[in-house]
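What you are looking at is a predicted structure, and each value in this text was computed from that prediction instead of being measured. Note that ligands are numbered from 1 as they come in the structure, with each ligand's atoms numbered from 1 the same way.
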Amino acid sequence: MSALDAELKKALLRGWGYRSFRPLQKEAVQAALAGKDTLVVLPTGGGKSVCYQLPAALGKGLVLVVSPLIALMDDQVAAAREAGLKAEALHSNLEGSRRSEAYRLLASGQVDLLYVSPERLLVGDLAEELAPRLVLIAVDEAHCVSHWGHEFRPEYRRLAEVFERLPKAARMALTATATPEVREDICRQLALREPERFIGHPDRPNLVYRAVPRHDQAAQVLDVIRRHPKQGGIVYAQTRKEVDRLAEGLREAGVSCVPYHAGMEASERRECQEKFLAEDADVVVATIAFGMGIDRPDVRFVVHANTPRSVEHYQQESGRAGRDGESAECVLLFAASDLIRHRFLAKKDGELAPERERALEKQLREIGRYAAAPVCRHGILSEHFGAEYPAPAKGCGACDVCLGETRSLPDEEALLTAKKILSAAWRTEGRFGAGYVVKLLLGKPDERMASRGHDKLGVFGLLGKESEAALRYWVDQLIVQGFLEVDEGDYPLLRITSEGKALCADKGTVRLGTAVPQARKRKGRKPARPTMEAEPRADEALFERLRAFRRMIALQLGVPPYVVFHDAALLEMAALRPRTLEELRLVKGVGEKKLERFGPAFLKVIAGGSGDA
Ligand code: ADP
Ligand code: ZN
């Protein structure tokens, strides 16, 4: 190990309490220290902040962090300070007294790490004032500079002007969004100079993905929540109305939860968000307005009660689970009708330009395929983001397909079943909805059917042995594979496509999956992680006591509980039961500053006392 390697490792352990780097962290830090410009693309939870905070910890000069997330800055500063950094922030929401204190410290060279909003950096001559000590400029959420990304911020476009006045500092752009267009756009727009690119693998191995057909939204959401008692989670729904309805149902079922959507007053929204961050509420039920600026690292599950608009959206929203690297679960409740609704919403203000329309259709097809094809979910996601997924022989062990909860029908059976369903759609000539066609196949007559003589058709009762839920799921799967389509009129009509007709003539291939009934009390299983096996089991009662104690301290300090310690650290404490500061220092996530500040009190809790904050 080189001297620099050793120094970096020591700094990581001292500040953050981690023994090893996550992939590409060390490389990014080394490049930055060598004065090179860098592009760092790591998935959520990949540990991007260490890439720019560690250089600040070495005391070689000032690191400037440009971030659009003003709401988050105070928490980021608090967390950096707990790692022993002299951190400050400058943004428009800062109180006057804190602002002048920050300026005073900056002027006297007593700041290692400065967070600024892009707006603040663009005005006046802050850049010139920082220049002498500045060694690195980090641009967080760098995809905001790109039109191609999903969160364009016009101010980001003007950063390059400021950077021109700061030629000596290295530049580091960080993002979790990895499509090639966005990447190149970032390098160009931020005027990175021959940047070194550090592109991480997009897979999140600690997430267990499940995609299941939706048949009872409220009950299925509750089912997931019940697998995670007292744990933090997010439920995403498509509309405000659905958010309110789901949240009310969950509250009635005894779940500690808060709603969050754009229709609420700003103050109300802030209050709900703070409750969730402070662990006063376990679950937040939200539209996708909730997310930017959620840094709670111990979110143990994310449920999508509706199908999201694209795989990118899904990756980003589900990615808020398990940022701490511990196991977490992401469940998508799929219905093809959601895709139809997305299409309808996208076009409600008029027809789209042909290229937008093609892009939209592609997005919907891809998220549909993710949700309904019986294919390893980790594999589909990785490939979507341009990375190969080397699936282990026994499957990933962390998705419903590989865990054997969703089964593929054998090819011949799939084809035969598909042909039966397609024939029914064909015979009804696209004049009926999916519900009607399913009833026809099940052989459940009603007046409408009898009056049209449909109960005399050959397809009547052709799949009478199957359940209605299974048939609905297959219809959805045939839709996302393009064999059926749905008319978006006032009444959604199911119609066979030319591909569907071709399949009926045995031209083409089809895949159908079916849910395998599970034992009632399924636990969110952990993905295979060999290193976990040797670990001692945490004492759950002690873990709960430590969490309660952490909450109390966080409340006193006015910071979110994760700033004090992560769940992962508490779990390890509850398993190892350290008795001395020396033993506590060995726990992952316990850096020197935290050891000194919180160590003695936590040791008391572990020893059986109540602690003493
Ligand atoms: P990102 O910004 O890429 O989503 P963060 O910087 O928020 O990721 O880090 C995610 C989590 O991983 C944080 O809780 C952080 O403390 C933790 N972490 C960062 N680096 C390491 C490491 N080398 N070992 C263990 N945990 C780490
Ligand atoms: Zn899998």
Could you tell me how the ring of Tyr562 sits relative to the ring of His566: parallel (under 30°), tilted (30 to 60°) or perpendicular (over 60°)?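 Tilted, since the angle between the ring planes falls between 30° and 60°.
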
Aromatic plane relationship, Tyr209 with Tyr314 - under 30° parallel, 30 to 60° tilted, over 60° perpendicular: tilted

Hey, does Ile553 have a side-chain heavy atom less than 4.5 Å from the side chain of Phe602?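 With C-beta onward as the side chain, the pair touches.
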
Are any of the side-chain heavy atoms of Gln231 and Asp282 separated by less than 4.5 Å?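 Contact flag for Gln231/Asp282 side chains = no.
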
Which atoms from ligand 1 have a heavy atom of [X] less than 4.0 Å away?
{"X": "Thr44", "answer": "4 (O)"}
{"X": "Phe21", "answer": "23 (N)"}
{"X": "Val50", "answer": "19 (C), 20 (N)"}

Top protein contact for [atom], by heavy-atom distance:
{"atom": "atom 5 (P) of ligand 1", "result": "Ser49 OG, 3.6 Å"}
{"atom": "atom 7 (O) of ligand 1", "result": "Arg323 NH2, 3.3 Å"}
{"atom": "atom 23 (N) of ligand 1", "result": "Ser20 O, 2.8 Å"}
{"atom": "atom 12 (O) of ligand 1", "result": "Arg22 NH1, 3.1 Å"}
{"atom": "atom 19 (C) of ligand 1", "result": "Gln25 NE2, 3.7 Å"}
{"atom": "atom 8 (O) of ligand 1", "result": "Gly47 N, 3.1 Å"}
{"atom": "atom 13 (C) of ligand 1", "result": "His566 CE1, 3.7 Å"}

Closer than 4.0 angstrom: is that true for some heavy atom of Gly589 and an atom of ligand 1?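 For ligand 1, residue contact (heavy atoms, under 4.0 Å) with Gly589 is absent.
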
Angle subtended at the Zn ion (ligand 2) by Cys402 SG and Cys376 SG, rounded to 10 degrees: 110°

Could you check Val283 against Ile234 for side chain to side chain contact (heavy atoms under 4.5 Å, CB included), going step by step and ending with a plain yes or no? CA-CA 6 Å; Val283 178; Ile234 305 173; over 6 Å; no

What I want to know is whether [X] and ligand 1 share at least one N or O pair that is separated by under 3.5 angstrom.
{"X": "Lys588", "result": "no"}
{"X": "Gly45", "result": "yes"}
{"X": "Lys48", "result": "yes"}

Looking only at side-chain N and O atoms, does Asp140 offer a donor or acceptor that is under 3.5 Å from a partner on Ser67? no

Do Val375 and Arg511 pass the side chain to side chain contact (heavy atoms under 4.5 Å, CB included) test, and can you show the C-alpha distance, the side-chain angles, and the key distance before you say yes or no? CA-CA 9 Å; Val375 177; Arg511 299 187 70 149; 3.7 Å; yes

Salt bridge or not for [X] and [Y], using N-O below 4.0 Å?
{"X": "Arg210", "Y": "Glu329", "value": "yes"}
{"X": "Arg577", "Y": "Glu583", "value": "no"}
{"X": "Glu582", "Y": "Arg585", "value": "yes"}

Compare Tyr18, Trp16, Tyr562 and give the one whose heavy atom is closest to atom 27 (C) of ligand 1.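 Closest candidate by heavy-atom distance is Tyr18.
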
The Zn ion (ligand 2) and His378: any N/O/S contact shorter than 2.8 Å? no

Tell me which part of Pro43 gets within contact of ligand 1: side chain, backbone, both or neither, using heavy atoms under 4.0 Å.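 Backbone only.
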
Could you tell me if Arg171 sits above the aromatic ring of Phe163, with its cationic atom closer than 6.0 Å to the ring centre and no more than 45 degrees from the axis?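 No cation-pi geometry.
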
